[in-house]
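These numbers come from a predicted model, not from an experiment.
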Amino acid sequence: MTAYGSQEMSAPLMRVLMRRPGNSLKAADPAKWHYGPTFDGARAVHQYKAFAELVEKSGTEIIWLEDEGDGLADAMFTHDPSLMSDHGAILLRMGKPLRVAETALHEKAYAERQIPILGRIEGDGTVEGGDCIWLDAKTLVIGRGVRTNQEGIDQISKILAPHGVTVLAYDLPLWHGEEACLHLMSVMSPLAEDLALVFAPLLPAAFYQLLKKRGIRLIEAPADEFHASNGLSLNVLPTRPYEVIMVEGFPATKAAMEAAGCTVQVFEADALCIACEGGPTCLTRPVLRRAA
């Protein structure tokens with residue numbers, strides 16, 4: 001079996017890189033890490049375990065990174081420090097200074113498993129995985145905002161161009177400010193090749209028009225639940241097309257996806273995802289997605 005490769009967002013999730021939170025999260029200073037009032041380190045670790053069980057039950061192999069007390073509380077959000085392609089991993093450079101050291105954890109994990117490194121973002125360039133969406137195998141869409149800059153986008157374009165990949169960049173709104181986290185995937189979650197959950201008011205207009213032109217069906221996320229969750233109601237992980245995992249507590253969003261043909265599993269995450277500003281997608285770095 002091919003051990004890596006992912007240039008799509010919803011094909012069956014065969015292999016994923018995840019970090020089991022431990023002492024670094026339990027001891028995290030909420031003010032330093034910009035965690036919300038519902039943060040509780042011990043409860044977050046418990047809630048993470050329930051999420052990981054859902055991922056495993058879907059048939060996905062988990063490559064585990066362990067929290068050995070390195071102080072990197074956000075490192076459980078493995079989606080951001082690297083991006084997988086069919087030609088190897090791209091090591092990214094985080095836009096949040098507290099998270100820059102996380103990339104080395106991914107590099108070590110890939111080296112231990114003989115997964116090649118296709119390239120890396122260097123210098124002043126920044127790109128975070130949450131700003132990257134494979135629209136199709138030859139088109140990578142990137143959100144330019146607080147966490148991802150033009151220098152980083154230029155670098156990733158040069159890395160992928162020899163492999164026939166076009167990179168399209170769109171500006172993201174500031175929304176809640178520089179300290180908060182608005183990624184491109186904060187406003188769009190692909191659920192299948194032809195289906196996505198979106199919050200249209202914050203989508204770049206030209207990207208919205210491109211999605212419509214491509215014939216992708218758009219489920220409009222209920223605004224009240226989006227705002228109540230700081231966008232986490234929209235952060236949905238497909239384990240295969242039309243089969244997704246989301247945070248518990250947003251029944252209107254869940255019902256909208258079910259009405260479009262999705263099977264939706266939920267887990268309690270007020271102390272984990274809501275407080276720490278990262279959902280099920282953020283907690284996973286797909287290493288292998290492959291059509292059945």
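Rounding to the nearest 0.5 angstrom, the gap separating the CG atom in Leu92 from the OG1 atom in Thr126 is 10.0 Å. Interatomic distance, His87 NE2 to Tyr4 OH, rounded to the nearest 0.5 Å: 8.5 Å. Residue His34 holds its NE2 atom at 12.0 Å from SG of Cys276, rounded to the nearest 0.5 Å. To the nearest 0.5 angstrom, His79 atom NE2 is 9.0 Å from Leu237 atom CG. We find the CD-CG distance between Glu61 and Leu17 to be 11.0 Å, quoted to the nearest 0.5 Å. Here Met188 contributes atom CE and Leu135 contributes atom CG; the two are 6.5 Å apart, rounded to the nearest 0.5 Å.
Taking the side chain as every heavy atom from C-beta outward, Phe207 and Val187 never approach each other to under 4.5 Å. Between Cys273 and Phe267 there is a side-chain heavy-atom pair separated by less than 4.5 Å. For the pair Ile142/Val167, a side-chain contact is recorded, criterion being any heavy-atom separation below 4.5 Å from C-beta on. Using a 4.5 Å cut-off on side-chain heavy atoms (C-beta onward), Arg144 and Gln150 make contact. With contacts defined as side-chain heavy-atom distances shorter than 4.5 Å, the pair Val16/Ile63 does not qualify. Contact of the Phe250 side chain with the Ser229 side chain is registered, since non-hydrogen atoms from C-beta on lie closer than 4.5 Å. A heavy-atom distance below 4.5 Å is found between the side chains of Val198 and Glu220.
Taking the six-membered ring for Trp and thresholds of 30 and 60 degrees, Tyr48 and Phe51 have ring planes more than 60 degrees apart, a perpendicular arrangement.
Pairs of residues two or more places apart, or lying in two chains, that qualify as salt bridge (charged side-chain N to carboxylate O under 4.0 Å, His left out) and include a residue from residues 259-268 are Arg43-Glu268. For residues 110-119, every residue pair satisfying the side chain to side chain donor-acceptor pair (under 3.5 Å) rule, not counting sequence neighbours, is listed here: Ser82-Tyr110, Lys108-Glu112. Applying the side chain to side chain donor-acceptor pair (under 3.5 Å) test to pairs two or more places apart or on separate chains, those with a residue in residues 185-204 are Asp194-Tyr242.
Linking ILVMFWY residues whenever their side-chain heavy atoms come closer than 4.5 Å, directly or via other members, leaves Leu83 and Val100 in distinct clusters. When the side chains of ILVMFWY residues are joined at heavy-atom separations under 4.5 Å, either directly or via intervening members, Val146 and Met94 end up in two distinct hydrophobic clusters. When the side chains of ILVMFWY residues are joined at heavy-atom separations under 4.5 Å, either directly or via intervening members, Leu182 and Leu98 end up in a single hydrophobic cluster.
Using a cutoff of 4.0 Å between basic side-chain nitrogens and carboxylate oxygens, Arg147 and Asp131 are not scored as salt-bridged. Here Glu8 does not pair with Arg289 in a salt bridge; the nearest charged N to carboxylate O distance is not below 4.0 Å. Contact check on Asp74 versus Arg19 returns no salt bridge, with no Lys/Arg side-chain nitrogen under 4.0 Å from an Asp/Glu carboxylate oxygen.
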Test salt bridge (charged side-chain N to carboxylate O under 4.0 Å, His left out) applied to Glu248 and Lys254, step by step: CA-CA 9 Å; Glu248 186 180 72; Lys254 180 173 182 281; over 6 Å; no
Show your reasoning for whether side chain to side chain donor-acceptor pair (under 3.5 Å) applies to Thr38 and Asp270. CA-CA 6 Å; Thr38 58; Asp270 60 321; 5.4 Å; no
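Under a 3.5 Å cut-off, the side chain of Thr284 and the backbone N or O of Pro286 do not form any donor-acceptor pair. Judged by distance alone, with hydrogens and angles left aside, the side-chain atoms of Thr253 form no donor-acceptor pair with the main-chain N or O of Ala221 at under 3.5 Å. Using modelled atom types, no side-chain atom of Ser6 and backbone atom of Val287 make a donor-acceptor pair closer than 3.5 Å. Put simply, the side chain of Glu151 never gets that close to the backbone of Gly125: no donor and acceptor are under 3.5 Å apart.
In summary, the aromatic rings of Phe77 and His183 are positioned with their centroids too far apart to meet the 6.0 Å limit.
The number of heavy-atom neighbours closer than 6.0 Å to CG of Asp136, taken from other residues, nucleotides and ligands shown, is above 12. Within 6.0 Å of atom NE2 in His46, 12 or fewer heavy atoms from other residues, nucleotides or ligands are found, so the atom counts as exposed in its surroundings.
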